[in-house]
There are 2 protein chains.
Amino acid sequence: MEYTISEVADKFNISIPTIRYYDKLGLLPLLKRNKGNVRTFSEADFDFLRMIEILKITGMELKDIRRYFYWCYLGNSTLKKRYDMFLERKKQAEEQINALKKSLQMIEYKCEYYKLANELGTTDHPSLEDICKPVEI
Amino acid sequence: MEYTISEVADKFNISIPTIRYYDKLGLLPLLKRNKGNVRTFSEADFDFLRMIEILKITGMELKDIRRYFYWCYLGNSTLKKRYDMFLERKKQAEEQINALKKSLQMIEYKCEYYKLANELGTTDHPSLEDICKPVEI
DNA sequence: ATAGGACCTAAAGTTGACTTTAGGTCAATA
DNA sequence: TATTGACCTAAAGTCAACTTTAGGTCCTAT
């Protein structure tokens, strides 16, 4: 089954120019064109797009994603590099999750705080005294 | 207790120019200077820097953080805006955590995959056939 | 007293990831 | 047949968040 660029943009919820930009950067190495020079996407390209999504979320830069794809292309000689890369991505993802969880604690506290303040119409009230500890902002 | 910009840079693990940049953007509204025009940081400024850290992690832009600080300055008339803002931040943080957890699954799978491939010296081996499902990259 | 180090400013430069623009091809439909 | 819509390219523009540069002040220690 083959897909047009607009179908892929819809499917992955990214813009058409972004897909072309990724292609230009070499992030879609298996992407084919038809006789009219029009891009025709298949499952193999979706695999690449999914991997781009996954790695980007962990904060990886496009040029490093490209390098990883190139390592895959080079074959077994780059297995160690790829292993190390994923260990590093795992570390980054875990660190980000931890940082977000920590931030979320304060944010949830602030939600409570402002819920109450809204009901009272003011932050200047005895019932907010003890709940307003972490930051006075 | 007062601190210099280099002490604060160390404490928060950000660069001195970044602190000056935040100050310029109005993200450190309580920051004082001594007679020599040198910034002197205190706990109140740390509260702002901590809040910047927390909100930035959830993907909030500096200009929106600034607007939040301004809302705080305006007082009780902005309580609803601030409440809604933190509800939105909570949503964003949770979504990011979920996206990262999902990515982490694939990354952990890839760690396993490449650990084995490294031991075997190749990705072209029967014991990797069944483990290599999600993406062929 | 002068040299060094820590601070200051304004302004320009950088980086990454896109987005926009301008101009062109091509196939199908009114 | 002509025009519309979906695609194409190359190149320029944008945006956020910094960083770098160039030049200056001020205090302290040799």
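Here is the naming used below: chain letters follow the sequence lines, and residue numbers restart at 1 for every chain. Only heavy atoms go into these numbers, but all of them, side chains included; no hydrogens, no water, no symmetry mates.
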Undergrad: Look at A:Asp84 together with A:Lys81 and state whether they make a salt bridge at an N to O cut-off of under 4.0 Å.
TA: no
Undergrad: Compute the bend angle of the helix from C:dA1-D:dT30 to C:dA30-D:dT1 from the end axes (five pairs per end), rounded to 10°.
TA: 20°
Undergrad: Nearest whole Å is fine: how far is D:dA17 P from B:Arg66 CZ?
TA: 14 Å
Undergrad: Side chains of residues 22-33 of chain A: which donor-acceptor pairs under 3.5 Å do they make with residues two or more places apart or in other chains?
TA:
residue: A:Asp23; atom: OD2; partner: A:Arg33; partner atom: NH2; Å: 3.4
residue: A:Asp23; atom: OD2; partner: A:Arg39; partner atom: NE; Å: 2.8
residue: A:Asp23; atom: OD2; partner: A:Arg39; partner atom: NH2; Å: 3.3
residue: A:Lys32; atom: NZ; partner: A:Leu30; partner atom: O; Å: 3.4
residue: A:Arg33; atom: NH1; partner: A:Asn37; partner atom: O; Å: 3.1
residue: A:Arg33; atom: NH1; partner: A:Asn37; partner atom: OD1; Å: 3.4

Undergrad: Using whole Å, report how far CZ of B:Arg39 lies from C1' of D:dC26.
TA: 15 Å
Undergrad: Please examine the side chains of B:Met1 and B:Glu43, heavy atoms only from C-beta on, and report whether any two atoms are closer than 4.5 Å.
TA: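 B:Glu43 does not reach B:Met1 side chain to side chain.
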Undergrad: Using modelled atom types only, decide if a donor and an acceptor are shared between the side chain of B:Asp45 and the backbone of B:Ser42 within a distance under 3.5 Å.
TA: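 Checking the backbone N and O of B:Ser42 against the side chain of B:Asp45, a donor-acceptor pair under 3.5 Å is found.
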Undergrad: B:Met60 pairs by side chain to side chain contact (heavy atoms under 4.5 Å, CB included) with which of B:Leu62, B:Thr58, B:Ile57?
TA: B:Thr58
Undergrad: Mind running a 4.0 Å heavy-atom check of residues 11-22 of chain B against DNA chain D and sending the residues that fall below it, in number order?
TA: B:Ser15, B:Pro17, B:Thr18, B:Tyr21, B:Tyr22
Undergrad: If you find the nucleotide of DNA chain C closest to B:Thr4 and the one closest to B:Lys24, which residue's nucleotide is nearer the 5' end?
TA: B:Thr4
Undergrad: Taking any atom under 4.0 angstrom from a heavy atom of chain A, which nucleotides of DNA chain C are the first and last to qualify, 5' to 3'?
TA: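 So the outermost contacting nucleotides come out as C:dG16 to C:dT20.
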Undergrad: Between A:Lys35 (NZ) and D:dC7 (C1'), how many Å, whole number?
TA: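 That distance rounds to 13 Å.
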Undergrad: Is the closest side-chain donor-acceptor distance between B:Gln92 and B:Gln96 under 3.5 Å?
TA: no
Undergrad: Taking the cut-offs as 6.0 angstrom to the six-membered ring centre and 45 degrees off its axis, would you call B:Lys11 and B:Phe46 a cation-pi pair?
TA: yes
Undergrad: Would you call the rings of B:Phe86 and A:Tyr114 parallel, tilted or perpendicular, where under 30° means parallel and over 60° means perpendicular?
TA: parallel
Undergrad: Can you list everything that forms a side chain to side chain contact (heavy atoms under 4.5 Å, CB included) with A:Asn34? Sequence neighbours excluded, please.
TA: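 Listed in chain order: A:Val38, A:Thr40.
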Undergrad: Taking only residues two or more places apart in sequence or in another chain, which ones pass salt bridge (Lys or Arg N to Asp or Glu O under 4.0 Å) with A:Lys63?
TA: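 In terms of salt bridge (Lys or Arg N to Asp or Glu O under 4.0 Å), with neighbours along the sequence ignored, A:Lys63 is linked to A:Glu61.
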